[in-house]
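Scroll down for the structure; my scribbles are underneath it.
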Amino acid sequence: MKEYSKYKLSGYSVFFLLGMLLTALPALMPVIKEELRLSYDSLGFIFSSGSVGFFIGSFFAGFSIEKFGAKKNNLTGLFLTLAGVIGVIFSENALALSTSNFIYSFGTALLEIGVPSIAKKFVSKTGGVMNLMHSLFALGAVFSPVVVSLLISSGISWKVFYIIIAVSTAIPALLFSSSGTDFHSLKTQKDINGSFGFLKLPIFWMVCATVLCYVFSELGVNSWASTFATDHMKFSPGNSSLLPSVFWAGLFVGRLFSSKFVDRTGQIKWLMLISAVGLPIVFFAQKPIQNYLFMLVFVFLSGTVHASFYPTLQSIIMDRVKNGVGFAISVFSAIGSLGGVFGGLFIGRISDIYGISTGYFSAFFFFAMTFVLVYVIYYLFKFRKE
């Protein structure tokens with residue numbers, strides 16, 4: 001098998017696995033909440049622990065890739081992911097669940113940064129390949145809640161799903177082990193200082209601010225839609241658990257579509273168009289009428305307009321940073337994960353004080369901020385030419 005084919009296959013399998021993990025816990029949370037008798041604050045803590053793990057792992061990944069190479073970084077990420085998943089299987093309380101979520105999220109951070117860091121070895125423009133790879137992430141996120149819903153409806157333990165995940169890590173592990181392509185750069189101190197030159201670019205920080213707001217908005221739907229639909233809309237847990245899958249179905253469709261057009265249209269112009277179309281759609285996804293079909297449709301459409309942001313913003317970083325791309329993606333991902341940290345805690349706290357309806361809707365304001373920041377980035381590109 002050619003190295004590029006092996007790289008794509010390993011990347012697709014990893015991102016599919018990461019997508020499954022991202023939506024599994026939110027989809028299962030109504031059942032886990034009841035089983036462990038958790039408060040909304042506890043839910044926020046559990047969700048945020050994963051974002052903290054991803055945040056710390058993101059910072060570590062940049063140094064890991066530069067010093068040890070992407071291959072060792074990715075294998076380490078798979079090991080930690082497996083360890084965290086096994087921890088979830090044996091969790092009996094909120095603290096154990098939070099700790100396990102932290103561990104596997106740390107591992108997924110290494111993978112989410114390690115796999116894209118090699119892309120520049122094969123392609124000059126990364127917008128299309130990143131959107132395509134992230135579409136497999138979305139497909140995994142679609143697949144996960146469907147299986148979860150079937151398990152819940154059949155009365156099978158939710159822990160069976162994590163056993164499936166644990167076994168699935170063997171596929172990318174074998175592909176990584178047999179790969180000869182790597183990104184490995186042992187630098188002198190002078191070279192390392194040069195690798196951080198991207199930190200001086202205003203556009204870099206605006207892109208990071210945009211991804212922070214975007215992740216807050218995305219996880220607001222992904223992490224809380226099931227709980228909102230069960231507790232406020234009074235839909236059944238089985239129907240509610242399908243909402244993250246519907247959201248990620250939209251992401252899958254949106255990313256497949258954007259992989260064909262983002263490089264042709266231009267990265268920033270594409271995000272401007274999507275964010276403008278997305279404002280009314282996201283509003284109704286966060287503030288639906290009392291009808292399951294209505295919420296289903298707008299959650300799906302919300303996924304399609306959210307789809308392009310993360311991979312396209314990531315590709316902007318990859319295409320513009322010449323030195324220290326591993327560090328740049330690391331910082332970008334770490335800052336993005338803060339949106340998940342603050343999002344989980346913020347929505348949990350607002351929901352406990354003002355109700356789940358208000359907490360869930362608060363994520364809309366961060367999509368609106370994403371819209372504003374995209375236009376700021378456009379003007380930076382247009383007038384500053386950085």
Side-chain angles (χ1 to χ4, degrees), residues 19 22-30 33 40-52 54-55 101 105 137-138 141 145 209-233 235 240-251 254 274-275 278-288 295-296 298-310 313 335-374:
L22 181 69
T23 52
L25 195 59
L28 286 165
M29 195 51 76
K33 176 176 176 286
Y40 289 126
D41 258 347
S42 296
L43 266 62
F45 179 75
I46 292 168
F47 289 140
S48 293
S49 67
S51 298
V52 171
F54 192 91
F55 173 73
N101 193 16
S105 296
F137 186 106
T210 306
V211 79
L212 185 148
C213 291
Y214 160 75
V215 171
F216 191 116
S217 176
E218 178 196 284
L219 294 186
V221 180
N222 175 63
S223 297
W224 292 92
S226 295
T227 303
F228 167 77
T230 302
D231 293 358
H232 180 76
M233 305 293 281
F235 302 141
S240 298
S241 67
L242 287 174
L243 289 171
S245 180
V246 171
F247 178 70
W248 283 94
L251 278 161
I274 294 301
S275 61
L279 277 174
I281 291 173
V282 175
F283 177 87
F284 286 112
Q286 304 292 140
K287 206 74 173 175
M295 186 173 183
L296 208 67
F298 274 92
V299 166
F300 173 83
L301 293 174
S302 179
T304 63
V305 297
H306 276 85
S308 299
F309 282 95
Y310 193 95
L313 290 169
I335 292 176
S337 70
L338 287 177
V341 175
F342 295 135
L345 294 174
F346 182 82
I347 295 176
R349 172 53 60 182
I350 293 296
S351 297
D352 262 342
I353 297 174
Y354 300 106
I356 184 65
S357 178
T358 302
Y360 180 63
F361 182 69
S362 65
F364 167 75
F365 294 99
F366 287 85
F367 185 85
M369 184 57 67
T370 302
F371 165 82
V372 172
L373 289 170
V374 164

Checklist entry - Once you round to the nearest 0.5 Å, how far does CG of Leu338 lie from SG of Cys213? => result 11.0 Å
Checklist entry - Who are the side chain to side chain contact (heavy atoms under 4.5 Å, CB included) partners of Ile335, not counting sequence neighbours? => result Trp205, Cys208, Leu212, Val331
Checklist entry - Say you draw a straight line from CD1 of Ile347 to CZ of Phe228; how long is it, rounded to the nearest 0.5 Å? => result 11.5 Å
Show me the side-chain donor-acceptor pairs of residues 359-370 shorter than 3.5 Å, one per line, residues at least two apart or across chains.
| from | atom 1 | to | atom 2 | distance (Å) |
| --- | --- | --- | --- | --- |
| Tyr360 | OH | Ala285 | O | 3.4 |
| Ser362 | OG | Gly359 | O | 2.5 |
| Thr370 | OG1 | Tyr214 | N | 3.3 |
| Thr370 | OG1 | Phe366 | O | 2.8 |

Next on the checklist: With rounding to the nearest 0.5 angstrom, report the CE to NZ distance, Met295 to Lys287.
Outcome noted: 11.5 Å
Next on the checklist: If you compare all heavy atoms of Leu243 against all heavy atoms of Ala225, which two are closest, and at what distance to 0.1 Å?
Outcome noted: CD1-O, 3.7 Å
Item to check | salt bridge (charged side-chain N to carboxylate O under 4.0 Å, His left out): pairs with one or both residues in residues 299-310, sequence neighbours excluded | outcome: none
Checklist entry - Who passes ring pair (Phe, Tyr, Trp, His ring centres under 6.0 Å) against Phe298, sequence neighbours left out? => result Phe284, Phe294
Item to check | Qualifying salt bridge (charged side-chain N to carboxylate O under 4.0 Å, His left out) pairs, either residue in residues 337-355, two or more places apart | outcome: Asp41-Arg349
Review item, side-chain donor-acceptor pairs of residues 301-310, under 3.5 Å, at least two apart:
| from | atom 1 | to | atom 2 | distance (Å) |
| --- | --- | --- | --- | --- |
| Ser302 | OG | His306 | ND1 | 3.3 |
| Thr304 | OG1 | Leu301 | O | 2.6 |
| His306 | ND1 | Ser302 | O | 2.8 |
| His306 | NE2 | Ser217 | OG | 2.8 |
| Ser308 | OG | Ser258 | OG | 3.4 |
| Ser308 | OG | Trp270 | NE1 | 2.9 |
| Tyr310 | OH | Glu112 | OE2 | 3.1 |
| Tyr310 | OH | Ser333 | OG | 3.2 |

Checklist outcome for this item: The side-chain hydrogen bond (donor to acceptor under 3.5 Å, both in side chains) partners of Ser105 (sequence neighbours excluded) come to Asn101
Checklist entry - What are the two closest heavy atoms between Gly336 and Val211, and how far apart are they? => result CA-CG1, 3.6 Å
Next on the checklist: My understanding is that only residues two or more places apart in sequence, or in another chain, count here; which of them pass side-chain hydrogen bond (donor to acceptor under 3.5 Å, both in side chains) with Thr230?
Outcome noted: Ser240
Checklist outcome for this item: Taken in chain and number order and not counting sequence neighbours, the residues that satisfy side chain to side chain contact (heavy atoms under 4.5 Å, CB included) with Tyr354 are Ile350, Thr358
Checklist entry - Looking at residues at least two apart in the chain, or sitting in another chain, which of them share a side chain to side chain contact (heavy atoms under 4.5 Å, CB included) with Ala249? => result Val142, Phe300
